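From a predicted model like this one, the values you see are computed outputs, not experimental measurements.
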Amino acid sequence: MRIDILTLFKDMCLSVLSESIIGRARSNGLVEINCHDIRDYTLDKHNRVDDAPYGGGTGMIMQTQPIYDCYKAVCEETGTKPHLIYMSPQGKVLTQERAKELAQMSNIAILCGHYEGVDERIIEEIVDEEISIGDYVLTGGELPALVLADCISRMLPGVLPNEDAYTLESHFSGLLEYPQYTRPYDWHGMTVPEVLTSGHHANIQKWQREQSLQRTLERRPDLLEKAELSKKDKAFLETLK
């Protein structure tokens, strides 16, 4: 899979994408992530990429020309039109389900806004969808773009040791993950649940499922409305209620 990030802060993005699991995945050729500096494409002699908004208002707006030319350069590199995502607080909130769908694509591009955003005509001309990482506002789209790139990349084959590394986590199945423990067995007077040291795999799986259901009910009951629940799951939830 190839991911292209269109940004004013290329080095910032590359520094994050070169570390840890995603950095290793890039080095091993499991995912290709490229960062493109929009400022490299401006025709302004002062290297500007923004201007004051029509109609007045505070802040500056990123101009169409450098963004569009950067985008066209990416299209020429790939030989195709990538699925272009604009990171925006006005977009649909990112979910694990949407990340799974995006991970099936061969090429996506992510546009990072800055200042007061981008000229609306760019969105109308080249953007395929807008995505938000939450109902709040940041100074730019770089952090959301990095979140999206990480969220997608970790589900690609070979990036994590096996599918269990992400399919058993919170949100993948529609529920929150069960609590996890490691050594030491006794810490500050708190011990690991006995079932986890029993070696009885069926009981462990039952405990994990019930803990997942309980956590979801307590912390994110809204998720239960869309989760796939068995008769046993529903019966257990009724006992909790």
Side-chain angles (χ1 to χ4, degrees), residues 1 3 13 15-28 30-31 33 87 92-104 131-136 138 143-241:
M1 181 182 195
I3 300 174
C13 294
S15 66
V16 173
L17 295 168
S18 299
E19 298 292 335
S20 189
I21 293 172
I22 304 304
R24 290 195 296 272
R26 292 178 67 210
S27 297
N28 294 332
L30 299 173
V31 61
I33 306 180
M87 305 308 298
K92 291 184 178 179
V93 176
L94 177 64
T95 64
Q96 188 67 44
E97 189 59 36
R98 184 58 185 146
K100 283 191 282 184
E101 294 168 352
L102 292 172
Q104 301 304 311
I131 289 181
S132 167
I133 61 167
D135 295 333
Y136 49 88
L138 300 172
L143 292 176
L146 293 170
V147 167
L148 181 61
D150 185 292
C151 186
I152 293 171
S153 298
R154 66 194 305 276
M155 289 186 288
L156 299 177
V159 174
L160 296 181
N162 53 65
E163 286 191 5
D164 284 354
Y166 61 84
T167 58
L168 297 180
E169 292 180 328
S170 294
H171 297 290
F172 192 91
S173 64
L175 301 175
L176 299 184
E177 189 180 11
Y178 50 82
Q180 300 270 23
Y181 301 86
T182 188
R183 293 181 178 82
Y185 172 76
D186 189 327
W187 182 77
H188 287 195
M190 294 179 284
T191 58
V192 176
E194 186 176 344
V195 64
L196 297 180
T197 62
S198 68
H200 195 299
H201 295 297
N203 287 348
I204 291 173
Q205 290 178 347
K206 179 175 181 291
W207 179 88
Q208 290 173 335
R209 181 65 176 181
E210 290 178 349
Q211 287 291 310
S212 183
L213 289 165
Q214 183 172 340
R215 281 208 162 179
T216 306
L217 178 64
E218 293 172 348
R219 303 181 183 188
R220 290 291 305 277
D222 56 297
L223 296 177
L224 293 172
E225 297 176 8
K226 296 182 180 180
E228 294 184 12
L229 303 175
S230 66
K231 290 183 179 179
K232 287 185 178 180
D233 292 337
K234 293 176 181 178
F236 177 72
L237 287 171
E238 284 302 316
T239 64
L240 296 177
K241 295 176 182 177

In Å and rounded to the nearest 0.5 Å, what is the [atom1] to [atom2] distance from [X] to [Y]?
X	Y	atom1	atom2	result
Glu177	Gln208	CD	CD	9.0 Å
Glu210	Thr239	CD	OG1	7.5 Å
Lys232	Leu213	NZ	CG	12.5 Å
Thr197	Tyr181	OG1	OH	12.0 Å
Leu229	Leu224	CG	CG	6.0 Å
His200	Lys206	NE2	NZ	11.0 Å

Heavy-atom count check: over 12 atoms from other residues, nucleotides or ligands less than 6.0 Å from Gln180 CD?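 More than 12 heavy atoms, drawn from other residues, nucleotides or ligands, come within 6.0 Å of this atom.
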Fill in: Intermediate values then yes/no, side chain to side chain contact (heavy atoms under 4.5 Å, CB included), Leu148 and Ile133
CA-CA 8 Å; Leu148 181 61; Ile133 61 167; 5.8 Å; no
Over all atoms of both residues, closest heavy-atom pair of [X] and [Y]:
X	Y	answer
Ala99	Ile152	O-CG1, 4.2 Å
Leu175	Ala227	CD2-CB, 3.8 Å
Arg219	Leu176	CB-CD1, 3.8 Å
Ala103	Met1	O-SD, 4.3 Å
Leu30	Gly158	CD1-O, 3.3 Å
Ser153	Ile3	OG-CD1, 3.7 Å

Review item, side-chain donor-acceptor pairs of residues 182-189, under 3.5 Å, at least two apart:
unit_1: Asp186; atom_1: OD1; unit_2: Gly189; atom_2: N; d: 3.3

Exercise. Are Arg209 and Trp207 close enough, and set up right, to give a side chain to side chain contact (heavy atoms under 4.5 Å, CB included), and what steps lead you there?
Worked result: CA-CA 5 Å; Arg209 181 65 176 181; Trp207 179 88; over 6 Å; no
Partners meeting salt bridge (charged side-chain N to carboxylate O under 4.0 Å, His left out) with Arg98 (sequence neighbours left out):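 Residues passing salt bridge (charged side-chain N to carboxylate O under 4.0 Å, His left out) with Arg98: Glu101, Glu129.
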- Task: Flag the pair Lys234 and Glu238 as a salt bridge only when some basic side-chain nitrogen lies within less than 4.0 angstrom of an acidic carboxylate oxygen.
- Result: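 Between Glu238 and Lys234 there is no salt bridge, as every charged N stays at least 4.0 Å from the carboxylate O atoms.
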Checking Gln214 now: which residues fulfil side chain to side chain donor-acceptor pair (under 3.5 Å) with it, not counting sequence neighbours?
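Side chain to side chain donor-acceptor pair (under 3.5 Å) check on Gln214 returns Glu218.
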| message | Does Ile131 form a side chain to side chain contact (heavy atoms under 4.5 Å, CB included) with Met87? I'd like the steps, not just the answer. | response | CA-CA 5 Å; Ile131 289 181; Met87 305 308 298; 4.0 Å; yes
request  = Could you go through the side chain to side chain contact (heavy atoms under 4.5 Å, CB included) check for Leu17 and Asp150 one step at a time?
outcome  = CA-CA 8 Å; Leu17 295 168; Asp150 185 292; over 6 Å; no
